[in-house]
Each structure stands twice: as structure tokens, then as C-alpha cells.
*Asks:* 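Can you read through this structure? Questions will come right after.
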2 protein chains.
Amino acid sequence: MAPHLKKVPACGPAPASNEEPDLRPVEGAGADEELALLAKAVGHPARVQILRLLVRRETCICGDIVDELPLAQSTVSQHLKVLKEVGLIRGEIDGPRVGYCIEPRTLRRLKSLIGSL
Amino acid sequence: MAPHLKKVPACGPAPASNEEPDLRPVEGAGADEELALLAKAVGHPARVQILRLLVRRETCICGDIVDELPLAQSTVSQHLKVLKEVGLIRGEIDGPRVGYCIEPRTLRRLKSLIGSL
DNA sequence: CCCGTCCATCGTAGATCCACGATGCATGGC
DNA sequence: GCCATGCATCGTGGATCTACGATGGACGGG
């Protein structure tokens, strides 16, 4: 899986003015489903911790996350997968390591959806 | 179906300037747990719909919620219970009916916690 | 090469969630 | 009193979540 991946300077450090307005609606059946999906992904303390770690450090860390949490490596990997599947974080291969970082677009989207309540 | 719609004061109609600053921190272990709990409660489409219904109508409706959702009455009652347990909504008995309404404090708290990410 | 590191995935057991119908418990009308 | 109504709760299957150790694959150092 994922055969060719070029060397990437991990995640973008500072997207500067990454201010796309996000045209999607914040209400309606689709938005409800989307909000539920994102909220469910945030609905676990370990994943909240991971999100905070990635937000705090501008530089994207990797398996240091495992050291920060009182969980086994496989468990942390699963939580990372959940966050990645809903698009809240992104992982980039960097040699033997993997760097994770926040996906600001999705995080902003979540804030918009919550804000619409 | 039901000759309904009795005039119900139920939940507080207009909280007016209910602008307490909410002194609790938005970070730390406790906040992480709290955010996870609230997010999990929102993490289901039916509960998002319920929240939207209650936010939209200033007047607090009751089992009309059951009519709005494609779910059995007992299932809706369980979802209401989940939302009530985390303090996102409140139910008040009014004769044979129960009026539900948003708890604005908790909703603001959720927005603060999400905003801290 | 061979090996150690880093991470993802598999397999699994126990807990929790989600849906439903059935039942229970009030209240209010007759 | 008696019954209908509105809602909560119980009980129960099936699905999903959460944790772990074990295994596997990719990479880089020796």
C-alpha cells in the first residue's frame, strides 16, 4: 500500500494565510452526519490529547506520541488511524519514521459545525 | 395524530444576559476528559438532529422530537438521556408531557473547548 | 547481506453502543 | 374509580469500540 512517496519536509510548518472560506453548508442532513463523524472521532480522551499535542507543536512529531500517552504502541496507532480517517490529521513518511500533523482545514470545519449549534 | 400543542412555559424562555464567563480551564487533563465526553455525546447523527431542533425552536418541544426522527420512541428517549447526562439538554415535566430544551451553558462550554484546539 | 528500529496491521477478548419491542409509571380526562 | 396518553426504563440481540500482544513490512546502519 502507498508505494511511492517522495521525500517530504514533513508537514507544512506555517500555512500562513490558509484562509479558504470552506463553501460547504453548516446545516442540513449532510452537515449533521459530518458533525457526528468528526465529534465521534474527538470523543475519546486519548484522541483529544493527540490533537492537543499536534496543535501545540508546530513541528510535527511522530512516535513521540506513544511516549506521551500511557497506551501501547498499537493502541496509539489505532487512535491515529481514526483521526486520519476523518481527516483531522495527516501522516507523512519520513525515512523510518512517520510525522503527523494537524489538518487545519478539517479542524476549522469542525469548529464551524460546532459553532452552528 | 395527536391533538397537541398546549401552551407550555416549560424551560426558561429567554435567559436574557446569561453571560457567565465560565471559569473552568479549557486545557489540562480534566478539560480533555470533559471535551471527549461532550464530543462523544454529539457523535451521533440523531443527537445532532435533536440538538438542532432544540436550538432552532426557542420554545422547548417534547415528544414532537419522536415525530421528527425516523426512530422508535424508546430509541429517541435513550438519545435524550445521553444528551441529558452530559448536561447538553434539560427536561422539565409539564403535566403528562416533558419539555426539553438546550442548556446554553454546556453548549457554550463545548464551543469553548473545541475552540481551544 | 543481516539486523534493529519504527510503525501499521492482525487477531482477539471484553466493554460499550444502538436499535427495537415490551413493560412500567405517572398524569389527566371521563 | 378506570382507562388513555406520554414518556422512561428494561431486556436483548447485533454491531462497534478499545485495549493488548504478536506479527509483518519498510527503511537505514553496520
Side-chain angles (χ1 to χ4, degrees), chain A residues 1-8 10-11 32-33 36-50 53-54 60-86 88-101, chain B residues 1-11 32-33 36-50 53-54 60-86 89-101:
Chain A
M1 304 176 115
H4 47 288
L5 265 180
K6 222 51 204 306
K7 208 176 173 204
V8 186
C11 304
D32 287 359
E33 196 96 22
L37 223 62
L38 289 173
K40 184 189 274 187
V42 182
H44 192 286
R47 293 196 284 268
V48 173
Q49 276 188 267
I50 292 173
L53 271 172
L54 294 182
C60 315
I61 60 179
C62 68
D64 301 333
I65 302 174
V66 175
D67 299 334
E68 295 279 350
L69 301 189
L71 295 172
Q73 176 265 324
S74 57
T75 304
V76 172
S77 195
Q78 278 191 153
H79 285 303
L80 289 169
K81 187 180 180 184
V82 171
L83 291 172
K84 197 162 48 179
E85 278 174 349
V86 300
L88 274 169
I89 68 175
R90 188 176 29 171
E92 313 214 357
I93 299 177
D94 169 45
R97 303 161 191 265
V98 175
Y100 282 98
C101 63
Chain B
M1 205 178 223
H4 44 284
L5 278 192
K6 187 172 183 184
K7 235 165 178 211
V8 180
C11 304
D32 287 0
E33 197 95 22
L37 223 61
L38 289 173
K40 183 190 275 188
V42 182
H44 192 285
R47 293 195 285 266
V48 173
Q49 278 189 266
I50 291 174
L53 271 173
L54 294 183
C60 315
I61 59 180
C62 71
D64 299 335
I65 301 173
V66 175
D67 298 335
E68 293 280 351
L69 303 186
L71 296 171
Q73 176 265 324
S74 57
T75 304
V76 173
S77 195
Q78 278 192 153
H79 285 304
L80 289 169
K81 186 180 181 183
V82 170
L83 291 172
K84 198 162 47 179
E85 279 174 350
V86 302
I89 69 175
R90 190 177 28 170
E92 313 212 356
I93 301 178
D94 169 48
R97 302 159 191 266
V98 175
Y100 282 99
C101 64

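Heavy-atom basis, side chains included; hydrogens, waters and symmetry copies ignored. Here is the naming used below: chain letters follow the sequence lines, and residue numbers restart at 1 for every chain.
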*Asks:* Using heavy atoms to find the nearest nucleotide of DNA chain D for Pro96(A) and Lys40(A) separately, return the residue whose nucleotide is more 5′.
*Replies:* Lys40(A)
*Asks:* Kindly indicate whether the side chain of Leu54(B), heavy atoms from C-beta on, has any atom under 4.5 Å from the side chain of Ile65(B).
*Replies:* yes
*Asks:* Could you check how far CG of Leu69(B) sits from C1' of dC18(C), rounded to whole Å?
*Replies:* 14 Å
*Asks:* Between His79(B) and His44(B), is there a side-chain heavy-atom distance shorter than 4.5 Å?
*Replies:* yes
*Asks:* Given that Thr75(A) and Arg97(A) both sit by DNA chain C, which one's nearest nucleotide is further toward the 5' end?
*Replies:* Arg97(A)
*Asks:* Examine the base of dA8(C) for any acceptor or donor lying under 3.5 Å from a partner atom in the side chain of Gln73(A), and report the outcome as yes or no.
*Replies:* yes
*Asks:* With a 4.5 Å cut-off on side-chain heavy atoms, are Ser74(B) and Gln78(B) touching?
*Replies:* no
*Asks:* When only distance counts, do a donor and an acceptor, one from the side chain of Gln78(B) and one from the base of dA19(C), lie under 3.5 Å apart?
*Replies:* yes
*Asks:* Is the distance from OP1 or OP2 of dC17(D) to the nearest side-chain N or O of His79(A) less than 4.0 Å?
*Replies:* no
*Asks:* For Ala46(B) and for Ser74(A), locate the closest nucleotide of DNA chain C by heavy-atom distance; then report the residue assigned to the nucleotide nearer the 5' terminus.
*Replies:* Ser74(A)
*Asks:* Among dC18(C), dC7(D), dT9(D), which nucleotide has an atom closest to any side-chain atom of Tyr100(B)?
*Replies:* dC7(D)
*Asks:* From Leu71(B) CG over to Ile50(B) CD1, what is the distance, rounded to the nearest 0.5 angstrom?
*Replies:* 8.0 Å
*Asks:* Which whole-number value in Å describes the distance from Ile89(B) CD1 to dA8(D) C1'?
*Replies:* 13 Å
*Asks:* Within the structure shown, what part of the strands sits under 4.0 Å from Ile93(B) by heavy-atom distance: base, sugar-phosphate, or nothing?
*Replies:* nothing
*Asks:* The side chain of Ser77(A) lies closest to which of these nucleotides: dA8(C), dC20(D), dA8(D)?
*Replies:* dA8(C)
